[in-house]
2 protein chains.
Amino acid sequence: MNMNNSEGLTGQAGNETSDLSKARLRAWLQILKVSRKIEGELREKMRLEFGSTLPRFDVLAALYRERDGMRMSELSKSLMVSNGNVTGIVDRLVAEGLIVRVPVENDRRASIVRLTKEGEKDFAERALVHESWVSELFSDLSSSDADALIRILRTISHHNEAPHD
Amino acid sequence: MNMNNSEGLTGQAGNETSDLSKARLRAWLQILKVSRKIEGELREKMRLEFGSTLPRFDVLAALYRERDGMRMSELSKSLMVSNGNVTGIVDRLVAEGLIVRVPVENDRRASIVRLTKEGEKDFAERALVHESWVSELFSDLSSSDADALIRILRTISHHNEAPHD
DNA sequence: CGCAGATATTTCAAACTTAAAATATTTGTG
DNA sequence: CACAAATATTTTAAGTTTGAAATATCTGCG
């Protein structure tokens with residue numbers, strides 16, 4: 001049986017919570033706080049400046065990285081949201097003319113979603129402004145702190161990585 | 001006019017994006033990634049273990065810290081969500097018998113929300129388990145990294161603090 | 001007192017989100 | 001080939017979330 005840092009050496013077990021456990025909880029709450037605050041700011045800017053939303057921006061961003069398009073399932077996996085969720089966002093972006101659904105050869109269950117010319121142009125503009133917003137919201141974050149933050153968050157990410165296929 | 005790190009010294013301006021700006025964007029995307037992954041895990045555990053949800057847990061947690069209860073507006077401010085949002089969550093928690101709405105003396109517009117005995121008992125149990133989930137999900141996070149993470153995130157939080165009243 | 005503006009909360013419409021069920025299609029196995 | 005299982009996506013119901021409008025009440029000023 002596997003023993004991790006939260007018990008074992010200290011002999012702690014059951015419901016008693018260690019200092020380390022509490023520090024991790026504080027870290028999580030702080031992540032949540034920053035994440036909510038920044039998302040709120042970006043949501044408002046996205047709405048006022050572009051009349052759009054963060055989920056739509058996220059879909060456009062994913063498709064901008066994969067210019068040949070992505071399947072719905074790739075999209076939802078990449079964004080870490082449910083399939084059904086992506087269906088709705090994609091419907092709206094199609095209605096706005098920013099993306100299209102293209103049938104897949106030899107598999108009529110699937111479809112590929114990709115940016116239209118207009119979607120590509122719109123996203124390129126929005127992405128620049130978006131980056132400037134983030135940089136401004138993070139303007140107290142030095143280069144070295146940014147690197148440290150990324151490193152630490154990656155160790156957390158990697159821990160609960162989705163199991164292999 | 002104020003010049004910050006993202007221009008000024010390098011003479012960069014307008015749409016050109018600096019390395020620092022890109023590092024900050026990567027940091028933000030990593031925060032988002034971790035935040036989504038952990039929230040997803042906690043949401044599932046909360047549902048399977050307690051038949052409940054994260055927003056309800058958050059409300060209970062806020063009320064557990066303020067045993068004398070909070071006004072709706074204090075609650076929504078503390079959770080950084082809209083007033084209308086809290087109304088719905090509170091309605092459901094009242095229906096579950098975990099909290100109650102109490103009228104406020106001398107102000108019939110307002111009401112105070114507080115835990116019932118059952119809500120207090122239930123939350124105390126859930127909080128212990130919740131902390132253990134977080135500690136497990138963050139088990140790769142050392143004590144020193146937790147401290148560094150909290151420090152860095154606080155500098156970001158403080159930057160866009162809500163303006164004073 | 002009377003009432004305009006401020007304050008506290010709820011309601012509402014639209015969007016986002018999930019988990020589960022439904023639909024459509026493909027694949028593998030006898 | 002038949003057809004069960006697997007796969008890709010959409011639909012659905014319930015809940016969460018926002019921003020704006022509506023409601024109710026309070027406060028202060030003339």
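Labels below follow one simple rule: chain letters A, B, ... track the order of the sequence lines, proteins then strands, and each chain is numbered from 1.
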Which ring-ring contact (aromatic ring centres under 6.0 Å, His included) pairs, counting each pair once, include a residue from [range], with sequence neighbours left out?
| range | value |
| --- | --- |
| residues 66-91 of chain B | none |
| residues 60-95 of chain B | Y64(B)-F123(B) |
| residues 82-118 of chain B | none |

Just verifying a value: how many Å separate L75(A) CG and I99(A) CD1, rounded to the nearest 0.5 Å? 7.5 Å
Run the side chain to side chain contact (heavy atoms under 4.5 Å, CB included) test against [X] and tell me which residues pass, sequence neighbours left out.
| X | answer |
| --- | --- |
| T155(B) | none |
| T116(B) | V100(B), E118(B) |
| R154(B) | Q30(A), I150(B), H158(B) |

Could you check which residues of residues 82-91 of chain B get a heavy atom under 4.0 Å from DNA chain D? Sort them by number, please. S82(B), G84(B), N85(B), I89(B)
Scan residues 52-63 of chain B against DNA chain D and write down, sorted by residue number, each residue with any heavy atom closer than 4.0 Å; if none is found, say none. T53(B), P55(B), R56(B)
Show me the donor-acceptor pairs, under 3.5 Å and distance only, between side chains in residues 38-60 of chain A and residues at least two apart or in other chains.
| from | atom 1 | to | atom 2 | distance (Å) |
| --- | --- | --- | --- | --- |
| T53(A) | OG1 | R56(A) | N | 3.4 |
| R56(A) | NH1 | E96(A) | OE2 | 2.6 |
| D58(A) | OD2 | R36(B) | NH2 | 2.9 |

Residues from residues 93-111 of chain B lying under 4.0 Å of DNA chain C - heavy atoms: R101(B), R109(B), A110(B), S111(B)
Report the residues that fulfil salt bridge (Lys or Arg N to Asp or Glu O under 4.0 Å) with R126(A), sequence neighbours left out, ordered by chain and then residue number. D122(A)
Linking directly or through intermediates, with side-chain heavy atoms under 4.5 Å: list the remaining ILVMFWY members grouped with V104(A), chain and number order. I112(A)
Mind checking R92(B) for me? I need base, sugar-phosphate or nothing, with any heavy atom below 4.0 Å counting as a touch. base
